[in-house]
Protein chains: 2
Amino acid sequence: MARRSRAEMLEETRAKLIDAARAAFAEKGYAGASMDELTARAGLTRGALYHHFGDKRGLLAAVVDRLDNEMAARAHEIGQRHTNAWEGLLAEGGAYIELARDPEIQRIVLLDGPAVLGDPSQWPSQNRCLLATMTTLEALVAEGIVKPVDVEAAARLVNGAALNAALWVAASDDADVLARATDAFRQLASGLLALDPSTSPS
Amino acid sequence: MARRSRAEMLEETRAKLIDAARAAFAEKGYAGASMDELTARAGLTRGALYHHFGDKRGLLAAVVDRLDNEMAARAHEIGQRHTNAWEGLLAEGGAYIELARDPEIQRIVLLDGPAVLGDPSQWPSQNRCLLATMTTLEALVAEGIVKPVDVEAAARLVNGAALNAALWVAASDDADVLARATDAFRQLASGLLALDPSTSPS
DNA sequence: TAATTGCACATACGCCGTGTATGTCAAATT
DNA sequence: AATTTGACATACACGGCGTATGTGCAATTA
């Protein structure tokens with residue numbers, strides 16, 4: 001093992017803390033997670049935590065940022081697979097719904113995050129998710145596939161509907177709610193389509 | 001003043017605690033609100049609280065239940081004003097968006113509630129909101145105005161979109177976001193309409 | 001290369017808040 | 001009138017967060 005530079009150690013410590021916090025928050029919830037236990041599991045103490053993140057809330061922000069970026073990247077990648085831009089948008093929304101089945105994302109991003117950090121639409125990471133949807137929508141509007149809607153407003157609502165559906169799917173034991181949710185999502189989203197039956201598959 | 005019976009005193013105490021908690025949770029947030037301070041402001045102690053509600057979480061549940069019922073009643077009333085059922089549905093959604101501008105509802109129902117009590121779709125009160133939307137949708141489907149969609153799924157998504165839009169409106173200082181959000185909401189909701197141009201106003 | 005500065009942590013302390021166990025007193029029951 | 005029930009108050013113990021302080025190693029500077 002080569003000896004690590006100071007900067008490398010720093011980043012490694014941050015990563016260890018974020019990973020441990022991610023697991024602890026997901027398991028116990030934000031309020032239920034103890035900083036002592038959390039840091040001990042990472043082989044550190046609370047001193048490191050307050051040094052790097054300021055307070056418990058700062059740590060949550062870092063965890064949320066990471067999770068949110070992972071979500072955005074994954075959803076965007078799925079959306080890109082489709083040559084049809086409209087199907088790409090739908091797939092992106094469906095991807096959010098599926099991603100939110102992950103207990104970590106449910107608990108940390110969808111439940112504790114908003115309560116502790118405030119409205120998600122103000123998070124930098126959420127803006128990245130939103131921006132992805134907005135650019136997709138922008139293109140669809142330019143192509144005339146989607147009505148000339150307020151792109152930001154539409155993107156926020158679409159994302160919101162998807163995330164809310166995700167909570168429903170997550171809370172339900174029934175297996176086919178996922179399909180029901182995604183179907184309903186497609187129906188709703190079709191409200192954005194320009195009134196041309198040929199572009200909307202029956 | 002007539003002397004109060006025991007049952008009357010009990011209900012009055014509960015009401016005082018719920019009112020005080022409502023104010024405290026709205027102002028300080030759930031985690032930031034102290035039970036000692038909260039009960040003292042109501043002229044009581046924590047003893048009364050734990051006796052009636054079991055724990056802090058139980059108190060929040062009671063507050064949320066009350067707020068949620070108020071929301072549902074108000075939104076439903078607004079929806080009923082319209083003779084046109086479709087416009088009633090849209091108005092109901094718009095009413096949710098406006099209601100959520102209330103800081104109490106934002107903080108307690110939309111932010112802290114889900115984090116502490118879990119997914120809103122599992123709350124008894126939320127089910128009442130949902131049921132209202134579902135019955136409206138059911139009627140619209142029966143009339144052929146709305147596609148034969150999965151009513152529960154559609155209702156959940158519609159409600160989710162509205163509440164999410166509400167958070168956006170609430171977090172934004174800009175005055176016209178409310179109009180932008182409601183417009184986008186109408187666009188989205190129109191995706192549920194049967195494909196008959198005559199029923200959807202241009 | 002020796003002295004010094006700075007930074008990444010660890011340690012120790014105080015404060016506050018929750019939950020529970022116990023006590024008290026009035027009202028309802030008999 | 002005696003007893004019981006229940007609605008609340010009081011007292012205590014436990015744990016967690018934030019901060020102030022200490023420590024040792026790495027990066028500078030001469």
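Proteins get letters first, then strands, A, B, ... in listed order; numbering begins at 1 in each. The basis for the numbers below is simple: all heavy atoms, side chains too, and nothing from hydrogens, waters or symmetry mates.
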Chemist: Reckon H51(B) has a side-chain N or O less than 4.0 Å from the OP1 or OP2 of dA7(D)?
Modeler: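 H51(B) to dA7(D) OP1/OP2: side-chain N or O found under 4.0 Å.
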
Chemist: Check every atom of dG6(D), dA9(D), dC9(C) against the side chain of T45(B) and return the nucleotide holding the closest atom.
Modeler: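 Shortest atom-to-atom distance from the side chain points to dA9(D).
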
Chemist: Would you give a per-nucleotide map of nucleotides 14-25 of chain C, 5' to 3', where B means the base has a protein non-hydrogen atom under 4.0 Å away, S means only the sugar-phosphate does, and - means neither?
Modeler: ---SBBB-----

Chemist: For residues 88-137 of chain B, which residue pairs qualify under ring-ring contact (aromatic ring centres under 6.0 Å, His included), counting only residues two or more places apart or in two chains?
Modeler: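 The answer is none; no pair qualifies.
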
Chemist: Could you state the atom-to-atom distance from CZ of F53(A) to P of dG18(D) in whole Å?
Modeler: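 In whole Å, dG18(D) P and F53(A) CZ are 14 Å from each other.
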
Chemist: What residues form a salt bridge (Lys or Arg N to Asp or Glu O under 4.0 Å) with R46(A), not counting sequence neighbours?
Modeler: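 Checked R46(A) against salt bridge (Lys or Arg N to Asp or Glu O under 4.0 Å); matches are D36(A).
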
Chemist: Enumerate the residue pairs fulfilling ring-ring contact (aromatic ring centres under 6.0 Å, His included) with a member in residues 19-39 of chain B, sequence neighbours excluded, ordered by first and then second residue.
Modeler: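 Applying ring-ring contact (aromatic ring centres under 6.0 Å, His included) to every pair that reaches into residues 19-39 of chain B, excluding sequence neighbours, yields F25(B)-Y30(B).
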
Chemist: Within residues 16-27 of chain B, find the residues that approach DNA chain C with a heavy atom at under 4.0 Å, and present them sorted by residue number.
Modeler: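 Listed by number, there are none.
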
Chemist: Who are the salt bridge (Lys or Arg N to Asp or Glu O under 4.0 Å) partners of E70(A), not counting sequence neighbours?
Modeler: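 Only R22(A) meet the salt bridge (Lys or Arg N to Asp or Glu O under 4.0 Å) criterion with E70(A).
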
Chemist: To the nearest Å, give me how far apart NZ (K28(A)) and C1' (dG15(D)) are.
Modeler: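 Atom-to-atom, K28(A) to dG15(D), this comes out as 13 Å.
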
Chemist: Can you find a side chain N or O atom of H52(A) that sits less than 4.0 Å from OP1 or OP2 on dA8(C)?
Modeler: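 False: H52(A) side-chain N/O out of range (4.0 Å or more) of dA8(C) OP1/OP2.
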
Chemist: Please indicate whether R128(A) has more than 12 foreign heavy atoms, meaning atoms of other residues, nucleotides or ligands, lying under 6.0 Å from its CZ.
Modeler: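 Check passes, neighbour count above 12.
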
Chemist: Under the rule for ring pair (Phe, Tyr, Trp, His ring centres under 6.0 Å), what residues qualify as partners of F185(B), not counting sequence neighbours?
Modeler: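 F185(B) satisfies ring pair (Phe, Tyr, Trp, His ring centres under 6.0 Å) with no residue once adjacent residues are dropped.
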
Chemist: Under 3.5 Å, sequence neighbours excluded: what are the donor-acceptor pairs made by side chains of residues 165-178 of chain B?
Modeler:
residue, atom, partner, partner atom, Å
S172(B), OG, D174(B), N, 3.2

Chemist: Have S125(B) and N69(B) got a donor and an acceptor in their side chains that come within less than 3.5 Å?
Modeler: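 No.
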
Chemist: Rounded to the Å, how far apart are L59(A) CG and dC17(D) C1'?
Modeler: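 Atom-to-atom, L59(A) to dC17(D), this comes out as 13 Å.
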
Chemist: Output the rounded distance in Å from CG (L44(A)) to C1' (dC7(C)).
Modeler: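 Atom CG in L44(A) sits about 16 Å away from atom C1' in dC7(C).
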
Chemist: Can you check whether T13(A) has a side-chain N or O nearer than 4.0 Å to OP1 or OP2 of dA8(C)?
Modeler: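 No, no such contact exists.
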
Chemist: Only counting residues at least two apart or in another chain, list the ones meeting side-chain hydrogen bond (donor to acceptor under 3.5 Å, both in side chains) with D102(B).
Modeler: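 If we apply the side-chain hydrogen bond (donor to acceptor under 3.5 Å, both in side chains) test to D102(B), skipping adjacent residues, there are no hits.
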
